[in-house]
Amino acid sequence: MDNQEIQDMIRKKTNDIPVPASLEPDQIEKKIEDAEQYRPFFTKRIRTIIATAASLAVICAAGFGLRPLFFNDVEYNSNPDSIVEQRTAAGNPEKNDTTYEQICDAINNHNSTALRTFEESSNYDGYSGGAIPKGIINDSQSDMAAENSTASTQKSSIEDSSGSSYQTKEGDYSETDTQVNGVMEGDIVKTDGKHIFTIKDSTTGCTVTIYEAQEADVKELSHFTISQADCKEMYIEGTTLILTGNLWGDDIPSRDETEFEEDYYSPARKSHITLYDISDPAAPKGIRQHSQSGKYNTSRISDGYLYTFTNYEIYASEDYNEKEPEKFVPELNGTIMKAEDIRLPDKDGANSYMVMTSLNISDNGKFADTKAVLESFDTYYMNQNHIYAVSLDYSHASTRSTIIKYTYDKGIFSFQGSTRIRGEINDSYYMHEYKDNFVFVYTRDAIKITNGLCVMNKDLELIGEISDLGVNETIYASYFIDNMAYFVTYRNTDPVFAVDISDPTKPVLKSELKLPGFSSYLHSFGDDMLIGIGQEDQTFDENDVEVLGERVKLSLFSIGKDYKLREIDKKLAARNTTSYAGTNHKSVFVDEERGLIGLGIDREGFSDRDTYDIYQCRKGKLKKVLSVPLKTSTDIYHVRGLRIGEYFYIVDTMGGIEVYDINTWKKAK
């Protein structure tokens, strides 16, 4: 048998073996895109790490067993057909008897396994430190009064016009699109109705620019730079500007993007929360900077408190001693956490933490509470009462998801329990809470790939499920409206499912609509419509001329009284186009009241043809009302749209703001 015959035989025998959803090319690509969206020049190194992780995860699953560490009552389910694998009861949520010795044992146990080989082979190194902006109080060094500190601020030559008579109608401006009403999310562009705030990262630090926006007149008031740090997101709370991101090591030299891509990848070991007083936007004053161990993941603001979540990796190259907790325990402002504030995992040991903190914004920006879990969590859903965090485990033949639940009240966290399912939940929009029940959609890659929806009660006990939807397809988008769950799966077609969870014990499939292409973004659009943004393969154009390449697709769905879905209109962008809608929902502007949708369109291979497009919906029809070429940005990720009064601002954080009258869609100036 020659080589060709051997290859043909192998190919024939493996063609029918199902590929796990988590290893599908589109899923690997999605994970790469998620990692790239903040620092695109890490592409090559990230691809290498993902490839190494995929291969070593299989080796680890086949060849090693890990000693479990359980410190609560855990219910196991050995039935492989059940979605739930185990559940951990909360017990007494106020009592945690964890010790540094137990934490140390859990980390050392983990590091003695094949996962240690994975960490070292991935060169997953880290560093600590970071430069503190001049004039900002660092809580590990000082507790001076905020008014005695001044940020290093560079004023532009433009005079402060705070005495202007121009007044924006109170509240008549757009805010960052959020998943849950009353729970604010950060972004790279914000407005308070009178000013526009932008953050821009570079290889040397983060620059914040503050503009005054008076209808068509936009003027830069000030800007300042935090060196050796990045700013992933920001918030405006009254007269306080809050920046969140990662601190860098003092010994990291400035590098251009080529050097980063070829030679350098390293996660942050410490994140920051930096507060400024912007009562005078022309002269911002630094108030305070906090630090917490770990790479910044996400944050939320609820009822005057900032909640920040980071992932803290522990070096796997050494054994740790419980008498030296500073080497393996997370820090806040340079002080290690108490052992009783750390939970051990309800599975095998780990060498990474989820660190979460609450900060009282009105109390001069001081920490109210902090907790950590010795396990890395990827995705978060947070409403006004509960926090759900999901950790994905790819070391099995099929992906597992661990869900942990906390309540919070005035900044104080309280553990409620956890559950582990046989399936994957990989987006915050796949989760929802309805009448105190936790609802989520999942993809499971066992013998075949299936999708479903689960309902769990307040104790994370499974009480309702609908399964086997979209067989051999993968979930691409989900959106919940009260008692209805809408989600999209895709492989060759685009099924859009509508599931009624009014009776949590008996979810009912109300509608299944199959369309070409897929939607990776869903959003409510008025009382009886959904907007979907995704991709569609385009073989022929409207004149039946053959073309190639995917293009961005906008779909408008009507929701009937019986919850039946129907696509009533769609618009296609130029061929070979993509958007960030599926990987970053904040990049999409949605104004349901005015029927407006705005998003950046990336023309692959033609960066000089990237545009920001705005569509308007009237009487069930979509119409493109504006398409603006993006001249200054190298990546549409840096572009946002916002509205103040009757004016629409297209903001490129890399430089440049264009203003349009929303009544005529003509350039205002």
Q) Which atom pair, heavy atoms only, marks the closest approach of Met354 to Asn311? A) CA-OD1, 4.2 Å
Q. When you check the gap from the basic side-chain N to the acidic O, do Lys295 and Glu313 get nearer than 4.0 Å?
A. no
Q) So, Thr379 and Tyr430: side-chain donor and acceptor under 3.5 Å apart, yes or no? A) no
Q) Residues two or more places apart in sequence or in another chain: which of them pass side chain to side chain contact (heavy atoms under 4.5 Å, CB included) with Asp409? A) none
Q. Can you list the residues that meet the side chain to side chain contact (heavy atoms under 4.5 Å, CB included) rule with Ser293, with sequence neighbours excluded?
A. Tyr312, Pro330, Glu331
Q. What pair of heavy atoms forms the shortest contact from Ser299 to Thr244, and how long is it?
A. OG-OG1, 4.2 Å
Q: Run through Tyr429, Tyr580, Tyr521, Tyr479 and flag the one making a ring-ring contact (aromatic ring centres under 6.0 Å, His included) with His585.
A: Tyr429
**Q.** Spatial distance of atom CG (Asp303) from atom CD (Gln384) [nearest 0.5 Å]
**A.** 8.0 Å
Q. Are any side-chain N or O atoms of Asp177 and backbone N or O atoms of Phe589, one a donor and one an acceptor, separated by less than 3.5 Å?
A. no
Q: Mind telling me whether Phe413 and Tyr307 have parallel, tilted or perpendicular rings, with 30° and 60° as the class edges?
A: perpendicular
(Q) With heavy-atom distances below 4.5 Å as the criterion, would you say the side chains of Ile421 and Cys454 are in contact? (A) no
Q. Does Lys458 offer a backbone N or O that forms a donor-acceptor pair with the side chain of Gln416 under 3.5 Å?
A. no
Q) Considering only heavy atoms from C-beta outward, does the side chain of Ile188 approach that of Tyr637 to under 4.5 Å? A) yes
Q. Where do Thr191 and Phe197 come nearest, in terms of heavy atoms and distance?
A. CA-CD1, 4.5 Å
Q: Compute both the distance and the angle, then confirm whether Arg300 meets the cation-pi test with Tyr380: under 6.0 Å from the six-membered ring centre, within 45 degrees of the axis.
A: no
Q.
I'd like to know if the side chain of Ser82 and the backbone of Asn79 have a donor-acceptor N/O pair within less than 3.5 Å.
A. no
Q) Any idea which heavy atoms bring Ala485 and Phe480 closest together, and the distance? A) CB-CE2, 3.3 Å
Q: Without swapping roles, check the side chain of Asp378 against the backbone of Asn426 for a donor-acceptor pair under 3.5 Å.
A: no
**Q.** Matching residue for Gln289 among Asn333, Thr274, Ile273 - test: side chain to side chain contact (heavy atoms under 4.5 Å, CB included)
**A.** Thr274
Q. Which pair of non-hydrogen atoms, one from Ile199 and one from Cys231, has the smallest distance, and what is that distance?
A. CD1-O, 3.3 Å
Q | Member of Leu306, Thr308, Leu332, Leu359 meeting the side chain to side chain contact (heavy atoms under 4.5 Å, CB included) criterion with His290 | A | Leu359
Q. What is the distance from atom CG of Asp393 to atom OG of Ser401, rounded to the nearest 0.5 Å?
A. 9.0 Å
Q: Look at the rings of Phe438 and Tyr388 and say which category their plane angle falls in: under 30° parallel, 30 to 60° tilted, over 60° perpendicular.
A: parallel
Q.
Treating His272 as the side-chain partner and Asp230 as the backbone partner, does any N or O pair qualify as donor plus acceptor under 3.5 Å?
A. yes
**Q.** salt bridge (charged side-chain N to carboxylate O under 4.0 Å, His left out) pairs, two or more places apart, involving residues 394-408
**A.** Glu85-Arg400
Q. Can you name the closest pair of heavy atoms from Phe440 and Ile403 and give their distance?
A. CE2-CD1, 4.2 Å
